[in-house]
Amino acid sequence: MPGSRSRRTRLSALRPASFGARPTGERLARIRRSPQFVAGQFRNPVQTRQLLDGSALPMARTQLSREGRLRRAPVGRIPVVSPTAELAVPPASGLRLTWLGHSTVLAEIDGRRVLFDPVWGERCSPFTWAGPKRMHPMPVELAELDPVDAVVISHDHYDHLDMPTIQALIRTGAVFVVPLGVGADLEFWGVPAERITELDWHEATRVGDLTLTATPAQHFCGRGLRGPQHTLWASWVVAGPGHRIFHSGDTGYFPGFAEIGAAHGPFDATMIQIGAYSEFWPDIHMDPAEGVRSHLDLQGGAPTGVLLPIHWGTFNLAPHPWAEPAEWTLSAGRKAGVTTVHPRPGEPFEPAEPPAGYPWWRAIAVPPVHGWPAWPPVAPPAVAADLAADR
């Protein structure tokens, strides 16, 4: 977007580059024309609380609880699968998903490769020496990842938008498709303006035969010391000639899922945020039961397609136990008749033939007070051996 790149002043030079840049020029003018931009900042359609009033003290007590801290991390090594060999062969069905940890997913869809919310950094933080540290290595080195056609960003929080990762992806020649305002960060970090497409909700762009549509989400933005909400957040629909997928980004549960499903669904697969929830911020992150409910909304009420749980397992961002998001999603999906897929990080799968779910996390998590509920079937022998070796 010519003329919109932020200028580096003496004062801004003191700020870490990872803070990004404020939108200016025509980029800011376009932001101000958005229906989502109200009274000087982006807003959700309904009033949304980032933190409930009076939550600070009880939240601090929860965070400092010794027992709680023990449960918020695995007690063994998280099993990571190298996907290199499988990714070298195109998916037989035309659609394959590889969850690489947290919200990072590589989608191979109808002959194209789309990378959602790529974060290869050791910490989701503007600093290399502070902030939540990843609990497992990335399953594939970024330099070894085959080129992708499009990089899609849901919003500008550090666990979804990582400066070093973005800069490393420039070499791939991919286009970057982002919500309004996020392009200022990318340009500041060296992404060529002509390779950035910024979209408002309900706007779409084409990448080959794929249509990428920015759809609503109920969340917020924020990076560095910025004040007003000057970058938008979004969920994403990617539709090709043969398949449709949905990535939720971060969001609270809201009626917009049914509207997205009516306009763009049903989907072969949904990638749904089910981790980092809390009673202290119920409006901005879904819990697993809400995640399963959102999948049903997106599918028009029918338990079709598969749900891939994302936004869990990699970073400690909330007071819930480490394994709880996966365990709860498994249970909620089973009760609702929804097929949930729970791969280890880096383990590719094709939604047309989803693998049998098994609770691999139980082998490396502190058990609940009353123990794990019964769960058939047991893990396949080879998987069970892998997990035993990881302990």
Side-chain angles (χ1 to χ4, degrees), residues 1-2 4-6 8 16-21 27 80-91 96-128 134 136-179 181-199 205-210 212 223 231 236 238 240 247 249 314 345-346 348:
M1 187 173 292
S4 64
R5 186 166 179 174
S6 295
R8 193 83 161 152
S18 55
F19 279 10
R27 177 175 279 118
V80 172
V81 177
S82 172
T84 306
E86 285 192 65
L87 295 182
V89 180
R96 180 167 57 203
L97 301 179
T98 306
W99 177 58
L100 297 170
H102 201 56
S103 292
T104 304
V105 182
L106 175 64
E108 298 167 275
I109 174 171
D110 296 339
R112 299 283 179 174
R113 294 160 63 90
V114 179
L115 184 61
F116 292 95
D117 284 357
V119 175
W120 260 257
E122 281 299 305
R123 296 182 186 272
C124 51
S125 164
F127 310 108
T128 59
R134 69 169 49 251
H136 64 81
M138 285 299 279
V140 59
E141 293 293 333
L142 191 52
E144 298 173 358
L145 186 70
D146 288 338
V148 296
D149 297 287
V151 175
V152 176
I153 304 296
S154 63
H155 63 297
D156 72 356
H157 287 158
Y158 293 102
D159 57 323
H160 298 260
L161 179 62
D162 180 55
M163 182 187 74
T165 302
I166 294 297
Q167 291 175 324
L169 285 166
I170 295 173
R171 64 168 178 80
T172 68
V175 297
F176 293 77
V177 185
V178 302
V182 176
D185 294 331
L186 272 57
E187 265 194 84
F188 183 63
W189 297 334
V191 179
E194 63 272 16
R195 285 168 53 190
I196 301 171
T197 298
E198 292 178 79
L199 299 178
T205 189
R206 298 277 293 179
V207 177
D209 291 336
L210 302 181
L212 283 64
R223 201 172 181 93
T231 64
W236 290 92
V238 177
H247 189 284
T314 303

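- Distance alone, capped at 3.5 Å, is enough to place a donor-acceptor pair between the T314 side chain and the H102 backbone.
- Counting only distance, with no hydrogens or angles, the side chain of R134 and the backbone of G101 share no donor-acceptor pair below 3.5 Å.
- Using modelled atom types, one side-chain atom of R223 and one backbone atom of D156 make a donor-acceptor pair closer than 3.5 Å.
- Between L161 and I166, some side-chain heavy-atom pair lies under the 4.5 Å cut-off.
- Side chain to side chain, D117 and T104 fail the donor-acceptor criterion of an N or O pair below 3.5 Å.
- At least one side-chain heavy atom of L169 sits less than 4.5 Å from a side-chain heavy atom of L115.
- Considering only residues two or more places apart in sequence or on other chains, H247 meets the ring-ring contact (aromatic ring centres under 6.0 Å, His included) condition with F116.
- Contact check for L145 versus P118: no side-chain heavy atoms found under the 4.5 Å cut-off.
- The backbone N or O of P348 lies less than 3.5 Å from no partner atom in the side chain of W99, so there is not a single donor-acceptor pair.
- Residues satisfying the side chain to side chain contact (heavy atoms under 4.5 Å, CB included) test with P139, not counting sequence neighbours, are V80, P83, L100, P345.
- Side chain of Q167 to main chain of G190: no donor-acceptor pair is present (N/O by atom type, distance under 3.5 Å, no hydrogens or angles).
- Two residues are said to be in side-chain contact when any heavy atoms from C-beta on lie closer than 4.5 Å; I196 and E187 meet this criterion.
- Under a 3.5 Å cut-off, the side chain of D209 and the backbone N or O of G240 do not form any donor-acceptor pair.
- Side-chain N or O atoms of S154 include none that pairs as donor or acceptor with a backbone N or O of G249 at under 3.5 Å.
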(Q) Run the salt bridge (Lys or Arg N to Asp or Glu O under 4.0 Å) test on D149 and R112 for me, step by step, so that the C-alpha distance in whole Å, both residues' side-chain angles and the decisive distance to 0.1 Å come before the verdict. (A) CA-CA 6 Å; D149 297 287; R112 299 283 179 174; 3.3 Å; yes
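- Not one N or O on the side chain of E198 forms a donor-acceptor pair closer than 3.5 Å with the backbone of V178.
- Taking a 6.0 Å sphere around CD of E141, one finds it holds 12 or fewer heavy atoms contributed by other residues, nucleotides or ligands.
- Side-chain atoms of R206 never come within 3.5 Å of backbone atoms of L212 as a donor-acceptor pair (strictly under, hydrogens ignored).
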Q.
salt bridge (Lys or Arg N to Asp or Glu O under 4.0 Å) for E86 and R96? Distances and angles first, verdict last.
A. CA-CA 10 Å; E86 285 192 65; R96 180 167 57 203; 5.1 Å; no
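- V140 is listed as a side-chain neighbour of W120, based on a closest heavy-atom distance under 4.5 Å.
- A distance-only check finds no donor-acceptor pair linking the side chain of E108 to the backbone of R113 [under 3.5 Å].
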